[in-house]
Number of protein chains: 2
Amino acid sequence: MNDLFEPVEVHPAYRQVANAIERKIVERELRAGDALPSETDLARQFGVNRSTVREAIRELETHGLLGRQRGEKRLRVTLPRPEQVSSGVSRAMALHDVTFLDLWETMMALEPAAAELAAQRRSDQDLAALGAAGEKFSAAQADTPACVAAVVEFFAAVAVASGNPVLAMSQAPLNELLVPILSHMVDAVPQSRARIRTAQSAMIAAIRKRRREEARSWMEKHIRDFKRGYEIAGIPLQFSVRL
Amino acid sequence: MNDLFEPVEVHPAYRQVANAIERKIVERELRAGDALPSETDLARQFGVNRSTVREAIRELETHGLLGRQRGEKRLRVTLPRPEQVSSGVSRAMALHDVTFLDLWETMMALEPAAAELAAQRRSDQDLAALGAAGEKFSAAQADTPACVAAVVEFFAAVAVASGNPVLAMSQAPLNELLVPILSHMVDAVPQSRARIRTAQSAMIAAIRKRRREEARSWMEKHIRDFKRGYEIAGIPLQFSVRL
DNA sequence: ATAATCCGACCGTCCGACAATTATGCCCAA
DNA sequence: TTGGGCATAATTGTCGGACGGTCGGATTAT
């Protein structure tokens, strides 16, 4: 039997205020860089208390829609910083107990595509960034954290070089999840360092020469190696990723 | 010349409180379902005012780390809802003025992979969900919003059937960006409806029969069609997606 | 035991206040 | 006229207290 009434939805004032401001931002009525009215003024406009406005502002600040430059007092509308967004996503993924296999499969879908696009569209600057990441990896031989950071930086550089911000923002959260895994792996599988360096060099070369298929296939091989390393390290693929 | 000092970082109390609670959640010391202490109690523990605690709580609530069931008063730890996370991502992407081409390239990377995994791992329940989405699309002939909703539901169902939450959470934001685009397209390109239906049927069949390559290639064709439709509709690929 | 009732705890919101810091406008000097 | 410096106003972060309304749990009545 169908109920006669729907459950009534309650919208606290702080949420309504947040939504109102968010709408103005999404609809570009407030644009990045614009200063937000003062809390007191907003409270007056919305007809609520300043405390309520503050709670709303915290929400938007968390979403990265509001922020301020260092040392500034007044809040301004800002574009959400990609790192901020992706760290939220990776935290959510980690809490959902995703496994290495989940992560790997998704990387396997995204990274080769990014590599191919990078080979197609990279600028000289992108190439320099890739080279720098490769250098860092080579330089950080024994230093595991630095090694891992360099690998992540390399992936990020490929994503940037792809010229596709959607791809980059989709890929970024995976990098953060990769860190703890990779740290463990490069320690447990000594030969992985050399294989990673080889793959990175090959990818850089392919991207420099704008050879799309070559870049893609090297990236595939590179990522397949991760799984292999994981297996060699003796860790079940179903182990949950932790941040 | 390097500066001698780093800029001093200021951490307002509300942020420190939020971080402290977040850490306990990420480290599983507080687990999903656990009730949070009352605001008054938290204020006492942290030695700050209740208003400050509330601002911190808003932050965590926004991240989806805290929430409450309908009609509940006590706040409890919750797993971030995927829809909540992905809507934040898609909003960020939209604000960054990503183009249809960006979106399309990423779909082209993710969706075929999802289809392939779905063919490999789908449960009977997944299959039912796919069929339901297909039905909805067929039934919603002239109703554009319903059509678009059905297409999105289909993609989401494929992602779920893939059994890979990372893939699903990576793909979900794209769906939201797709809606406005697709609405425009199915109106401007009448034949798109039939093509979509054909592709969906083929994918369902392939996934039912667990034919991975078939599922993948039909998905590729399906998504390629989007681009074709976009071109037929006469819209430049570089047009920014808007939410 | 179950249902109706009651009371205390807690949340949402408001008011007012104060210190610290930033923004602003004014005045003076070059 | 313009630039710098200073006094003042404005704004944020935090605090204390308050109040109505709602939820949860204990109490009591059936």
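Atoms considered below: every heavy atom in the structure, side chains included; atoms not considered: hydrogens, waters and symmetry mates. Naming convention: chains lettered A, B, ... in sequence-line order (proteins, then strands); numbering from 1 in each chain.
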- Message: Treating primed atoms plus P, OP1 and OP2 as sugar-phosphate and everything else as base, which nucleotides of nucleotides 6-16 of chain D get B, S or - for protein heavy atoms under 4.0 Å?
- Response: -----BBBBBB
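- Applying the side chain to side chain donor-acceptor pair (under 3.5 Å) test to residues at least two apart or on different chains, the pairs with a partner in residues 129-139 of chain B are B/Lys136-B/Glu153.
- For the salt bridge (charged side-chain N to carboxylate O under 4.0 Å, His left out) condition, the pairs that include at least one residue of residues 83-98 of chain A, sequence neighbours left out, are A/Arg81-A/Glu83, A/Arg91-B/Glu22, A/Asp97-B/Arg28.
- We find that CG of B/Leu42 is positioned 13 Å from P of C/dG12, with the value rounded to whole Å.
- Scored by the side chain to side chain contact (heavy atoms under 4.5 Å, CB included) test, B/Pro12 finds B/Tyr14, B/Arg15 as partners (sequence neighbours excluded).
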May I have the list of side-chain donor-acceptor pairs in residues 64-75 of chain A shorter than 3.5 Å, sequence neighbours left out?
from: A/Arg68; atom 1: NH1; to: A/Lys73; atom 2: O; distance (Å): 2.4
from: A/Glu72; atom 1: OE2; to: A/Arg76; atom 2: NH1; distance (Å): 3.1
from: A/Arg74; atom 1: NH2; to: A/Leu36; atom 2: O; distance (Å): 3.0

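- If you take CD of A/Gln69 and P of C/dA23, they are 11 Å apart, rounded to a whole angstrom.
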Kindly list each side-chain donor-acceptor pair under 3.5 angstrom involving residues 164-179 of chain A, sequence neighbours excluded, with atom names and distances?
from: A/Asn164; atom 1: OD1; to: A/Val166; atom 2: N; distance (Å): 2.9
from: A/Asn164; atom 1: OD1; to: A/Leu167; atom 2: N; distance (Å): 3.0
from: A/Asn164; atom 1: ND2; to: B/Asp102; atom 2: O; distance (Å): 3.0
from: A/Asn164; atom 1: ND2; to: B/Glu105; atom 2: OE1; distance (Å): 2.8
from: A/Ser170; atom 1: OG; to: A/Val166; atom 2: O; distance (Å): 2.8
from: A/Gln171; atom 1: OE1; to: A/Asn175; atom 2: ND2; distance (Å): 3.4
from: A/Gln171; atom 1: NE2; to: A/Glu111; atom 2: OE2; distance (Å): 3.0
from: A/Gln171; atom 1: NE2; to: A/Asn175; atom 2: OD1; distance (Å): 2.9
from: A/Glu176; atom 1: OE1; to: A/Ser90; atom 2: OG; distance (Å): 3.1
from: A/Glu176; atom 1: OE2; to: A/Ser86; atom 2: OG; distance (Å): 3.2
from: A/Glu176; atom 1: OE2; to: A/Ser87; atom 2: N; distance (Å): 3.3

